[in-house]
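Some notes on the structure that comes next.
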Amino acid sequence: MDFIDLKTQQKRIKQQLDAGIQKVLAHGSYIMGPEIKELEAKLAAYVGVKHAVACASGTDALLMALMAIDVGPGDAVFTTPFTFFATAEVISLLGATPVFVDIDPKTFNIDPAKLALAIKALKANDPSLHPLPKAITSPLVGEGKGEGVRLRPRCIIPVDLFGLTADYNAIDKIAKENDLFVIEDAAQSFGAKHQDKMACSFGHVACTSFFPAKPLGCYGDGGMCFTNDAALAAVLDSIRVHGKSTDKYDNARIGINGRLDTLQAAILLVKFEIFPEEVELRQTVAQRYSDLLSTIHDSPYTISVPYIPAGYKSVWAQYSILARDDAHRAAFLKKLKVAGIPTAIYYPKPLHLQTAFAPLGYTPGAFPVSEDAASRIFSLPMHPYLAQADQESIIAALKK
Ligand SMILES: *Cc1c(COP(=O)(O)O)cnc(C)c1O
């Protein structure tokens, strides 16, 4: 059994993939070929925004978004510590400072009430209100440099964890009140929905990833920025290619080499054809898990299945459940391993406790909800082609 089965999908569309790849080999525009624009137009229409800028990875998408709004040393960027490392890595890479905000215990997404408190604490320079980082750290600026400098609140990066969009109604309100940018980290949520709005349409810029294991994945690295702001889209387009300008031999700004390969765009165009159907298959698989798991009564506590608030549709990048504690989780993981069932832990170590962020000075206990989730969460195999029989054997192994 695979944790994420990409082979079944490939078998389904092998002919179209081969044709798409051959087409690129025939026209030879490996860099910024016609497939790039075609993909940008199709995905922008799908998520309901005006502009899309394809790029080399989800990490580059986040980096480019922060660069486009000029985030740098002295700037505070609010985000969650319960996410993939890249979300906060790009903040530090630009010399800005991540200010972590704990998550909601049910959705695992940033808690808007705590976000408001963190902004208030930072503005008042009062860590008794909310834990604040100690130092500005950056490989570019130099560790610890700027310590004691008052940080300027600039931006919020909510993460749509496991495929469920964050609470943007509340987040946007807080952002407006405090004049902050919002960058949606939609690396796990392309295809998700809240009411009539698709993931990748929230905030000033949204960033997704086409890493193979994401809901829409390519056969390598890839990513995309989405925005309704034409000026911002133009800056992202420039940053993607070394800060290019309209003059071929003049560069307008410092940028990166952040292009998506034409070959990856060709692969994504084929995969996108069956993506809406796969989103529905994911709903079926997730529902089956939740139904089957409700039959486990591991007294005194059962496993907590994912919570999807009313009006939300997750794209189920992961199906993550909570054991009652670390030992309970270890016992489950062992039973699954013995039965040959692959599992993963997203995420065992919150970002504020990662070695790389030690200079920020956060201590254990700073974000209790994230730390609690990290100690007992685990993910089961999840993909659109997971058979009912496999899911039944996973549940049987858990029950053993
Ligand atoms: C995967 C992921 C990223 C980074 O995407 P890459 O394409 O791997 O660079 C960023 N944020 C989150 C939440 C992710 O899951």
Side-chain angles (χ1 to χ4, degrees), residues 3-4 6 39 43 52-67 77-94 98 100-101 103-104 107-110 155-166 168 171 182-192 199-200 202-203 205-226 236 239-240 256-261 264-265 267-268 271 282 314-320 344-352 354 356-357 370 373-374 377 379 382-383:
F3 187 67
I4 294 175
L6 297 172
L39 182 72
L43 300 200
V53 178
C55 63
S57 69
T59 305
D60 275 359
L62 290 166
L63 181 67
M64 285 163 49
L66 286 171
M67 288 171 81
V77 181
F78 300 87
T79 192
T80 149
F82 196 60
T83 177
F84 180 57
F85 188 69
T87 311
E89 181 183 32
V90 289
I91 300 167
S92 292
L93 190 62
L94 290 172
F100 293 121
V101 177
I103 53 170
D104 177 279
T107 63
F108 307 120
N109 286 331
I110 196 165
C155 178
I156 307 162
I157 308 184
V159 177
D160 303 338
L161 205 71
F162 304 144
L164 176 71
T165 54
Y168 291 98
I171 292 165
V182 176
I183 297 175
E184 177 189 5
D185 183 341
Q188 303 183 8
S189 64
F190 184 83
C200 294
F202 297 98
V205 192
C207 303
T208 199
S209 163
F210 304 127
F211 182 80
K214 308 282 175 169
L216 179 62
C218 58
Y219 289 151
D221 279 306
M224 197 171 275
C225 295
F226 298 89
L236 288 165
I239 290 170
R240 167 171 67 180
I256 62 172
N257 176 2
R259 294 170 294 231
L260 178 71
D261 292 341
Q264 298 301 347
I267 287 155
L268 285 164
K271 288 202 180 195
R282 286 174 181 274
S314 174
V315 72
W316 299 104
Q318 301 295 340
Y319 188 90
S320 304
I345 299 178
Y346 300 115
Y347 294 91
K349 198 174 200 180
L351 300 192
H352 67 289
Q354 296 269 340
F357 288 121
S370 297
I377 203 161
S379 304
M382 180 75 213
H383 57 83

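These values consider heavy atoms only, across backbone and side chains, with no hydrogens, waters or symmetry-generated copies. Whatever order the structure lists them in is the order used to number ligands and atoms, beginning at 1. Just so it is clear, the model here is predicted, and its values are computed rather than measured.
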Would you mind listing which atoms of ligand 1 come within a distance below 4.0 Å of any non-hydrogen atom of [X]?
{"X": "Thr83", "value": "13 (C)"}
{"X": "Val159", "value": "13 (C)"}
{"X": "Ser209", "value": "5 (O), 6 (P), 7 (O)"}
{"X": "Ser57", "value": "7 (O), 9 (O)"}

key: Side-chain touch Asp160/Thr165, heavy atoms, less than 4.5 angstrom   = yes
message = Do Tyr347 and Leu161 make a side-chain contact, defined as non-hydrogen atoms from C-beta onward lying under 4.5 Å apart?
response = yes
task = Would you kindly specify which portion of Ala187 sits under 4.0 Å from ligand 1, judged on non-hydrogen atoms: side chain, backbone, both or neither?
result = side chain
message = Distance alone, cut at 3.5 Å: any donor-acceptor contact between the side chains of Asp261 and Tyr219?
response = no
message = Just to confirm my output: which protein heavy-atom neighbour is closest to atom 4 (C) of ligand 1, and how far is it?
response = Thr59 OG1, 3.5 Å
remark   = Of all protein heavy atoms, the one nearest atom 11 (N) of ligand 1 is Asp185 OD2, 2.8 Å
message = Under a 3.5 Å distance rule, please check whether Thr80 uses its side chain to pair with a backbone N or O of Ile110 as donor and acceptor.
response = no
key: Check: Lys271 side chain, Gly217 main-chain N or O, donor-acceptor pair, under 3.5 Å   = yes
ask   = Is Asp221 in polar range of ligand 1, meaning some N or O pair under 3.5 Å apart?
value = no
inquiry  = Is there a polar contact, in the sense of an N or O pair closer than 3.5 Å, between Gly58 and ligand 1?
reply    = yes
remark   = Judged by heavy atoms only, the candidate from Gln318, Lys214, Met224 nearest atom 14 (C) of ligand 1 is Lys214
request  = Could you label the plane-to-plane angle of the Phe357 and Phe100 rings as parallel, tilted or perpendicular, counting under 30° as parallel and over 60° as perpendicular?
outcome  = perpendicular
request  = Evaluate the ring planes of Phe162 and Phe108, with Trp represented by its six-membered ring, and classify them as parallel (under 30°), tilted (30 to 60°) or perpendicular (over 60°).
outcome  = perpendicular
